[in-house]
Amino acid sequence: MAPMVGAEHGLTAAEIAKARPAAEAALQGFRKSVETGEYGFPHLPFQTKLIKDILAYASSVKGTYDTVCLVGIGGSALGAWALDCALRGPHPVQGTHSAKLPRLVILDNVDPSFILGALASMNPKKTLAVVAAKSGSTAETVSAFLIVKDWLEKGAGKSAKKRIVCVTSEGKGDLKVLATGEGYRTFHLPDNVGGRFSVLSAIGLVPAALIGLDIRGLAKGAAEMTGASWKPDLDVNLALNGALHHHLMLTLRQKTIQVAFPYSNRLWGTAFWFRQLWAESLGKARNRKGELIYAGQTPVAALGSTDQHSQVQLYMEGPNDKVYTFWGVNKYADSGRIPKGKTGLAAFDYLGGQTLAKLIRAEQVATAAALTANSRPNNTLTLDRVDAAHVGAFLQLMEFQTAFMGELMDINAFDQEGVELGKKFTFGLMGRKGFEKYADDFAAYERKRASL
Ligand code: PA5
């Protein structure tokens, strides 16, 4: 706010008050779209039957695998990564995997060394594959899945089909056709839930349940946040309040970059999930009236305190074009006591007997204070603890905030034409039938490039 960072970079109370009616209109506008069934993510925490079915499936296969191999990309991978990292533990220091504590391996790229390295690290007789794609046709997912399917069939024989579970749209897409033909256990996500808003649908919940995470707790926290996100009171509705502030920061103070700055390795996956949510939802060429606006706020993920030693020099002294959102944690399962002991060295002895939790908190608030002193606007969200209920609430908070931000920007936050075009060029280049036009367009681009 202006009293902390000055009016050139901070918002004034008068600006916030003036924008309140727009925030109320954003709430009503989004509520209407949800009521008409256009957008469905707010309903996901209340899908009790789905949650029951997923848990029943997870318990029926429990003990038959030590690794869950998720084949998916974008919204079909990042949610599961966020949940795994937050609730099973940060990478690469998760507990050893076993049939009792399965790990999650996410194949979300088609770098051959990555896919082949992943296969080499897994045992087909102890692996359960989840293939997840809303469209059922994403080239990376389909090709990685064909490799995993073949690997399972060769390595696990007849039981391979039982080692594959599919998450896709109901009644459309080639993955659905394949899954039905092969008899794979299949879960669906609703048509009105976009990929990056699907973490609390079967897309995120199936892998989460299979590695033993508390998906009921996730839904409980998300349901509570959903209730708060429909309230008009900005003190209760964190999502609307956040969207309002970020919209003003973007439009009145030209803060075109938002740094998501978790001070928790457990929330590092969530920062990458958020990066997709904010970028793909808000980066749009046109507004709803069809006017060219080239809007968006570029999300950056930085890890505290690690990136203090990598990024903060730029944040402190570089262009003042960013707003910083610190994600803090109140209580850690173990505060990490630093052993006492006298070394006689000034850099060592003051730390003895204190805790890592205290130190990381000090690093966080010190960085916020330093940025503030340099007129860099920032805000802080604190999770009381990183457990299923708080993570579920946090994910739902970010999704509502994104939806409200889209309303305030008067854009469609739920489409992704830019992503779709790239997919079509890839289909053309890889020879998919029906996409010859994109192969021709690409050839024309190559000719032009070569002629210069
Ligand atoms: O948010 C989105 O819709 C996209 O980022 C998709 O999640 C991504 O392209 C993957 O799509 P699919 O699930 O169809 O493979």
Side-chain angles (χ1 to χ4, degrees), residues 38-42 44 69-83 106-110 115 129-149 164-179 184 186-208 269-285 296 298-299 301 395-396 398-403 405-406 411-427 430 432 435 438:
E38 205 177 343
Y39 306 127
F41 82 79
L44 295 177
C69 175
L70 171 62
V71 186
I73 199 164
S76 294
L78 287 161
W81 181 32
L83 297 178
I106 304 177
L107 302 188
D108 64 347
N109 201 1
V110 283
I115 298 283
V130 181
V131 54
K134 181 175 177 183
S135 61
S137 61
T138 304
E140 295 94 321
T141 300
V142 170
S143 52
F145 176 62
L146 287 171
I147 292 172
V148 169
K149 178 176 178 294
I164 297 173
V165 51
C166 169
V167 188
T168 191
S169 298
E170 190 160 18
K172 64 173 181 219
D174 284 353
L175 178 59
K176 173 68 189 172
V177 177
L178 180 88
Y184 300 149
T186 301
F187 292 91
H188 301 114
L189 78 161
D191 283 347
N192 63 1
V193 173
R196 57 194 172 277
F197 291 87
S198 68
V199 55
L200 298 173
S201 77
I203 289 272
L205 296 185
V206 168
T270 304
F272 281 84
W273 167 85
F274 169 76
R275 199 175 64 146
Q276 183 211 16
L277 180 70
W278 203 246
E280 249 181 47
S281 303
L282 305 177
K284 296 294 149 73
T298 305
L395 297 170
Q396 196 74 341
M398 291 294 140
E399 292 188 13
F400 266 99
Q401 178 179 278
T402 305
M405 183 80 168
I411 55 163
N412 181 351
F414 297 90
D415 65 1
Q416 58 280 325
E417 277 311 302
V419 180
E420 302 308 328
L421 185 61
K423 285 187 180 181
K424 287 172 187 162
F425 273 125
T426 306
F427 290 150
M430 294 298 285
R432 183 172 171 186
F435 292 84
Y438 295 96

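Just the heavy atoms: all of them, side chains too, but no hydrogens, waters or symmetry mates, feed the values below. As the structure lists them, so they are numbered: ligands from 1, and atoms in each ligand from 1.
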Exercise for review: Quick one: list whatever passes side chain to side chain contact (heavy atoms under 4.5 Å, CB included) with S169, sequence neighbours left out.
Suggested key: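 Listed in chain order: K134, K172, L189, D191.
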
Point to revise | For T298, side chain to side chain contact (heavy atoms under 4.5 Å, CB included) partners two or more places apart | key: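 With neighbours one apart ignored, the set is I257.
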
Point to revise | Residues in contact with ligand 1, criterion: heavy atom under 4.0 Å | key: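 Under the 4.0 Å cut-off, ligand 1 touches I73, G74, G75, S76, A133, K134, S135, T138, G195, R196, Q276, E280, Q416, V419, K423.
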
Practice item. Quick one: closest heavy-atom pair of R275 and P299, and the distance? Key: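 That would be O-CG, 3.3 Å.
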
Check your understanding: Between F427 and Y438, is the ring centre distance below 6.0 Å?
Key ->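 No: the rings miss the under 6.0 Å criterion.
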
Review point. With sequence neighbours excluded, what pairs up with W273 under the ring pair (Phe, Tyr, Trp, His ring centres under 6.0 Å) test?
Key: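 Partners of W273 by the ring pair (Phe, Tyr, Trp, His ring centres under 6.0 Å) criterion come out as none, since no residue qualifies.
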
**Study point:** Option passing side chain to side chain contact (heavy atoms under 4.5 Å, CB included) with F187 (candidates V130, V206, I203, L205)
**Key:**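 One option only clears the test, and that one is V206.
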
